*Asks:* 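One structure, pasted below without further comment.
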Amino acid sequence: MKYENAASKFNWSLLGNIESGRTTLGLDMPVLVYRLFQFTLRDILEREYGDETASQLFRAAGHLAGMEFANNVLDLTGDFDYFIANLQMKLQELKIGILRIENADFNNMTFTLTVSEDLDCSGLPVSGDTVCDYDEGFISGILETYTGKKFDAKEIDCWSTGDRTCRFNVRQQ
């Protein structure tokens with residue numbers, strides 16, 4: 001896809017000064033509004049380009065967001081335990097989700113992690129399909145920024161598959 005080889009036009013400053021721009025409404029908004037944006041955008045992308053391309057685009061956007069998030073929100077200076085604790089705190093503080101590490105194999109750089117109460121799918125009806133493509137990219141982008149190595153994150157359990165948490169297998173490429 002052409003976006004893979006093009007330089008990103010996005011940078012953190014494009015998010016603007018939300019505090020000065022939303023002096024009455026503030027920084028927070030309901031998850032409902034986030035999902036309205038995400039699911040209508042996904043619907044249009046699927047109709048225009050097909051399901052697989054829409055999923056690839058959501059992963060790519062999540063990856064870029066994860067890299068920017070890591071560079072602008074996280075403390076990347078500590079060891080892995082410190083990094084994960086900081087990531088867990090920031091994800092919960094920003095109400096993105098509750099991160100837990102179930103399994104970590106540092107020799108092979110593989111991880112199993114869960115994100116509960118996530119923005120993308122917690123509370124959705126069961127469809128049988130995983131839906132957190134954006135989160136796959138977000139996780140891989142964060143880990144790539146911290147380690148300097150590329151990662152693949154694959155959702156294996158999802159609220160939409162009947163589970164009550166999202167579970168991801170993550171491995172270094």
Side-chain angles (χ1 to χ4, degrees), residues 1-18 21-22 24-73 87 90-100 111-145 150-171 173:
M1 301 203 132
K2 62 183 174 182
Y3 65 85
E4 292 174 338
N5 297 321
S8 174
K9 294 179 183 179
F10 177 81
N11 67 65
W12 197 257
S13 69
L14 292 175
L15 298 178
N17 185 330
I18 299 168
R22 290 177 53 101
T24 302
L25 296 176
L27 299 175
D28 296 331
M29 69 169 201
V31 173
L32 172 75
V33 177
Y34 168 82
R35 286 189 185 173
L36 179 64
F37 172 76
Q38 181 188 47
F39 284 96
T40 56
L41 178 60
R42 183 177 195 101
D43 181 74
I44 297 298
L45 290 173
E46 287 175 348
R47 288 190 276 154
E48 286 291 319
Y49 303 108
D51 293 350
E52 186 52 40
T53 298
S55 291
Q56 289 173 355
L57 291 170
F58 265 80
R59 276 186 213 97
H63 186 265
L64 176 58
M67 293 179 76
E68 290 290 329
F69 182 84
N71 279 319
N72 290 281
V73 175
L87 175 59
K90 291 297 185 183
L91 292 178
Q92 193 158 348
E93 178 182 298
L94 295 170
K95 300 180 183 177
I96 295 170
I98 301 168
L99 174 69
R100 300 283 182 255
F111 310 94
T112 303
L113 54 91
T114 63
V115 181
S116 300
E117 297 187 36
D118 67 286
L119 286 171
D120 293 343
C121 74
S122 294
L124 289 180
V126 175
S127 67
D129 298 317
T130 60
V131 298
C132 299
D133 301 319
Y134 182 88
D135 294 349
E136 290 175 346
F138 190 69
I139 291 164
S140 64
I142 289 169
L143 288 172
E144 179 179 332
T145 301
K150 294 200 175 291
F151 284 85
D152 284 320
K154 181 67 179 155
E155 186 178 31
I156 57 172
D157 294 321
C158 182
W159 192 285
S160 292
T161 62
D163 294 286
R164 291 300 174 247
T165 191
C166 294
R167 182 169 284 105
F168 299 87
N169 280 339
V170 183
R171 66 175 179 80
Q173 289 182 356

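Everything numeric here is computed off the predicted structure, so don't read it as measured data.
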*Asks:* Does the side chain to side chain contact (heavy atoms under 4.5 Å, CB included) test come out yes or no for Leu91 and Val115, once each step is laid out?
*Replies:* CA-CA 9 Å; Leu91 292 178; Val115 181; 5.6 Å; no
*Asks:* Taking all non-hydrogen atoms of both residues into account, name the closest pair between Ile98 and Glu117 and its distance.
*Replies:* CD1-OE2, 3.8 Å
*Asks:* Give a yes or no on this: more than 12 heavy atoms of other residues, nucleotides or ligands lie within 6.0 Å of atom CD of Gln38.
*Replies:* yes
*Asks:* Going by the angle between their ring planes, with limits at 30° and 60°, are Phe151 and Phe111 parallel, tilted or perpendicular?
*Replies:* tilted
*Asks:* Rounded to the nearest 0.5 Å, how far does CZ of Arg35 lie from CG of Leu41?
*Replies:* 15.5 Å
*Asks:* Can you tell me if Tyr34 has over 12 outside heavy atoms packed within less than 6.0 Å of its OH?
*Replies:* yes
*Asks:* Rounded to the nearest 0.5 Å, what's the gap from CZ on Phe168 to OG1 on Thr112? Could you check?
*Replies:* 11.5 Å
*Asks:* Can you spot which of Asp135, Asp118, Asp157 makes a salt bridge (Lys or Arg N to Asp or Glu O under 4.0 Å) with Arg167?
*Replies:* Asp157
*Asks:* Arg164 and Ser122: side-chain donor and acceptor closer than 3.5 Å?
*Replies:* no
*Asks:* Can you tell me which residue among Leu113, Leu99, Ile139, Leu143 is in a side-chain contact (heavy atoms from CB on, under 4.5 Å) with Leu87?
*Replies:* Leu99
*Asks:* Given the rule in the side chain to side chain contact (heavy atoms under 4.5 Å, CB included) test, do Phe69 and Lys90 qualify, once you have shown the distances and angles that lead to the verdict?
*Replies:* CA-CA 10 Å; Phe69 182 84; Lys90 291 297 185 183; 4.2 Å; yes
*Asks:* Looking at every heavy atom in both Asp28 and Arg22, which two are closest together, and how far apart are they?
*Replies:* O-NH2, 3.6 Å
*Asks:* Kindly indicate, with the supporting measurements, whether the criterion side chain to side chain contact (heavy atoms under 4.5 Å, CB included) is fulfilled by Ser55 and Arg42.
*Replies:* CA-CA 8 Å; Ser55 291; Arg42 183 177 195 101; 2.7 Å; yes
*Asks:* Please report the shortest heavy-atom distance between Glu155 and Val131, naming the atom on each side.
*Replies:* OE1-N, 3.4 Å
*Asks:* What do you reckon, is CZ of Phe39 surrounded by more than 12 foreign heavy atoms closer than 6.0 Å?
*Replies:* yes
*Asks:* To the nearest 0.5 Å, tell me how far Lys154 NZ sits from Asn169 CG.
*Replies:* 10.5 Å
*Asks:* To the closest 0.5 Å, what do you measure between CD1 (Ile156) and SG (Cys132)?
*Replies:* 12.5 Å
*Asks:* Is it true that a side-chain atom of Thr161 and a backbone atom of Cys158 form a donor plus acceptor pair closer than 3.5 Å?
*Replies:* yes
*Asks:* What orientation do Phe138 and Tyr134 show, parallel under 30°, tilted 30 to 60°, or perpendicular over 60°?
*Replies:* parallel
*Asks:* To check you understand the geometry: which heavy-atom pair defines the closest contact between Ala54 and Glu46, and what is its length?
*Replies:* CB-CG, 3.5 Å
*Asks:* Taking it one step at a time, do Leu36 and Thr40 satisfy side chain to side chain contact (heavy atoms under 4.5 Å, CB included)?
*Replies:* CA-CA 6 Å; Leu36 179 64; Thr40 56; 4.1 Å; yes
*Asks:* Tell me, please, which residues at least two apart from Asn11 pass side-chain hydrogen bond (donor to acceptor under 3.5 Å, both in side chains).
*Replies:* Ser13
*Asks:* Ignoring hydrogens, what is the shortest heavy-atom contact between Trp12 and Glu68? Give both atom names and the distance.
*Replies:* N-OE1, 3.6 Å
*Asks:* Determine the minimum heavy-atom distance between Ile18 and Gly26, stating which atoms define it.
*Replies:* CG2-O, 4.5 Å
